[in-house]
Enquirer: 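If you scroll down you'll find the structure; I have some questions about it.
Per chain, numbering begins at 1; letters A, B, ... match sequence-line order. Small disclaimer: the values here were computed from a predicted structure and weren't measured.
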Amino acid sequence: MNWHLLLTDNIDQLDTQPDALVTKCSLHFGREFAVYRPLPFVDHTGFTETVEEEIAFVIEAQRSTEGAYLGAEELVEQWNLSPLVGRRVAHLSGGWRKFLGIALFANRKAPAKCFLDVTSHLADERMRVLFERLESQSNEAVVFCEYDSRLIFDLAPTRFSLLLERDDRIEVVERFPVRGATGTKGTAGTAGTTGFYSNYEQS
Amino acid sequence: MSNLDLSGIYFRHLTSLPWILEDLSLHLSDGETALLVGDNGSGKSTLGKLIAGLVTAERGNVLIDKSDLASIEVSMRPKRVVYMGQTSYLQFFCSSIDEEIRFAAKISGAVLSEVYPAYPQFRLPDDRTLKPMDLPYTAMWRLQLFLFSVVFNPSVLFIDEIVAPGARAQMDALEAVVARRSENGQVTILAYQRVLRIEAVPKLRRFHLLEGRLHEM
C-alpha cells in the first residue's frame, strides 16, 4: 500500500469545502478515492440508536455495495470499540463519534481512500489504531490531507510520500516547507529530513 | 478577581454507568489559565458543561466567585460562566454577524460601543451583514470566541476544543483573549486532546484529566 501525506495551507478548504482538494487528488493520482470528510460529529447515520446497531447497519449497507473488511464483532474488537457498543451514539463524546465514523469508513473495501483532517478531535491512541488497521488492509493507496503534519509523522508507522498543495495543482516534494518562514507562527521540528510546522508540544 | 472552585465532584451519565468524573477538585483564581489535556472520552467536555451548569454533579460543589453555581439564577449565569462547545458554531441564532453581536449583548447586558473596538482583533469580516453560518469554519470559531470572551466576558470561560490550532489567526485570537482575561483577573480553561503550545499567557497551569481526576503536569 502506498501512503501519501498532502499538506494544505487552507484549513477552511479542508474542513468545509474539500471538493476542490479531492478533485486535485484524483487528477494527480489519476484515480477516484473514497473520501472521509470531517463533518464534525455527523458520522451517525441517524437510522440507529446504539453503537452496536450503527455498526451492524453500516456494515450491512457496505456489504451490498463494495464490501467490508471486517464483520461487526471483528470491527468492535480490532478498533477497540467494545466499551462503547451498548451506548447510544448520540451520547458518545465528540472524538469517539468521529472515530466511530472513521472506523466504519475505513472498513469499506475501497481500494483508494482519502482522509481529510483526521487529526482534529482525535487523541494519539485513536490515530495509532487507525494507522494499524489501515496497514492490515489491502488498500492500494491512502492519502491523508492535513494542515498540520507533525502528528502524522510522529504517530504513523510508515514513511509517506509527501505532497504539497500549490494553487491549482499538487506537487510531490522531498520535504515540507517550514511555515514559520511564510508567516505562520510556531516552531519547526524535525522528522527525518522533513521540515514541518506544528503547534503541538511533545507530551 | 474571579474564582473557580470545584471540590469532590462525582459525575456519571447514568447510575448504571461508571463515573466519568470521580472525586475531582480544582481551584483556579486571580487570572489563572488552565489547559486540560485528556484522551477522547476522558470527561473534558463533561467537566466544561458541569462548570457551566449544563449538567449537574451527583456529588460535590461548584463555586463561581465563591457563590454556589446552583444558587446563581440561570439568566445571570452568562456573566459568570460560559461554556464554548466543540460545535460552537451551532450556537449561532441570527442571520447576520451584527445581529448576533446585538443578541449576545442583549443577553449579557454588554454595551455595544464597548465591545465593537475589540472586533478587528479577531480577524473577522468588516462586513457584519454576512451570515455567521456562511463564514469559513475557522472564522465561525473566532466569531464565537469574540462573542463569548468580549461580549459575555464571564468570570469563568471554558473553551472546549480549539479549531485548527495550527493556524495563526486562531492562536493569535486565542492568545490575545487569554492574556487579556488573565490581566483582568478572570479564569480561563482550555480543553484539548494534547498539549498545545500557547505563548504569552501568564499564569498558565497544565492538567492531565485521567480516570476522572485532574493531575497537574
Side-chain angles (χ1 to χ4, degrees), chain A residues 7-18 38-42 80-81 83-84 86-88 91-100 117 119-127 129 146-151 154-155 179-180 182-187 189 196-203, chain B residues 12-14 16-18 20 35 37-49 55 85-90 133-142 160-175 191-200 204 206 208-210 217:
Chain A
L7 188 67
T8 176
D9 266 342
N10 189 340
I11 187 75
D12 291 313
Q13 173 184 249
L14 199 56
D15 276 305
T16 56
Q17 299 152 332
L39 294 173
F41 315 138
V42 193
N80 299 342
L81 297 170
L84 311 180
R87 296 181 59 185
R88 293 170 70 100
H91 288 176
L92 300 183
S93 73
W96 275 110
R97 253 179 292 162
K98 177 167 180 171
F99 186 65
L100 174 62
D117 190 18
T119 52
S120 63
H121 300 290
L122 293 193
D124 294 358
E125 187 53 32
R126 306 289 93 67
M127 299 282 298
V129 172
E146 293 289 333
Y147 180 84
D148 196 330
S149 57
R150 176 166 162 179
L151 278 172
D154 284 352
L155 300 172
R179 282 202 185 129
T182 58
T184 306
K185 188 163 62 177
T187 53
F196 57 87
Y197 162 80
S198 178
N199 201 42
Y200 304 115
E201 288 185 352
Q202 293 281 12
S203 56
Chain B
R12 54 189 167 184
H13 286 296
L14 295 169
S16 57
L17 293 173
I20 293 175
L35 175 62
V37 179
D39 197 351
N40 296 126
S42 62
K44 302 184 295 295
S45 303
T46 300
L47 179 58
K49 290 170 189 168
V55 299
Q86 293 186 57
T87 46
S88 57
Y89 52 88
L90 296 179
M133 292 301 282
D134 286 346
L135 296 177
Y137 186 45
T138 47
M140 282 194 272
W141 184 80
R142 294 197 303 279
D160 189 2
E161 186 81 28
I162 297 146
V163 168
R168 180 170 190 164
Q170 307 301 92
M171 290 308 279
D172 281 354
L174 180 67
E175 286 169 5
Y192 205 63
Q193 299 93 40
R194 48 187 68 91
V195 179
L196 277 169
R197 180 177 297 279
I198 303 174
E199 294 169 15
L204 177 66
R206 291 168 174 163
H208 192 191
L209 181 51
L210 184 66
M217 293 190 272

Enquirer: Would A:S93 and B:N40 count as having a side-chain donor-acceptor pair, cut-off 3.5 Å?
Expert: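 The criterion, which ignores hydrogens and geometry beyond distance, is not satisfied for B:N40 and A:S93.
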Enquirer: Look up atom CG in A:L122 and atom CZ in B:R194, then write down how far apart they are to the nearest 0.5 Å.
Expert: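 Rounded to the nearest 0.5 Å, the CG-CZ separation comes out at 7.5 Å.
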Enquirer: Distance check, rounded to the nearest 0.5 Å: B:T138 atom OG1 versus A:D12 atom CG?
Expert: 3.0 Å
Enquirer: Judged by modelled atom types alone, do A:H121 and B:Q86 share a side-chain donor-acceptor pair under 3.5 Å?
Expert: yes
Enquirer: Measuring from atom OH of B:Y137 to atom CG of A:D117, what distance do you get when rounded to the nearest 0.5 angstrom?
Expert: 7.5 Å
Enquirer: Against chain B, label A:L14 side chain, backbone, both or neither, depending on which of its atoms sit under 4.5 Å from a heavy atom there.
Expert: neither
Enquirer: So, does A:R126 use its side chain to make a donor-acceptor pair with the main chain of B:D39 at under 3.5 Å?
Expert: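 Side chain of A:R126 to backbone of B:D39, a donor-acceptor pair under 3.5 Å: no, none is there.
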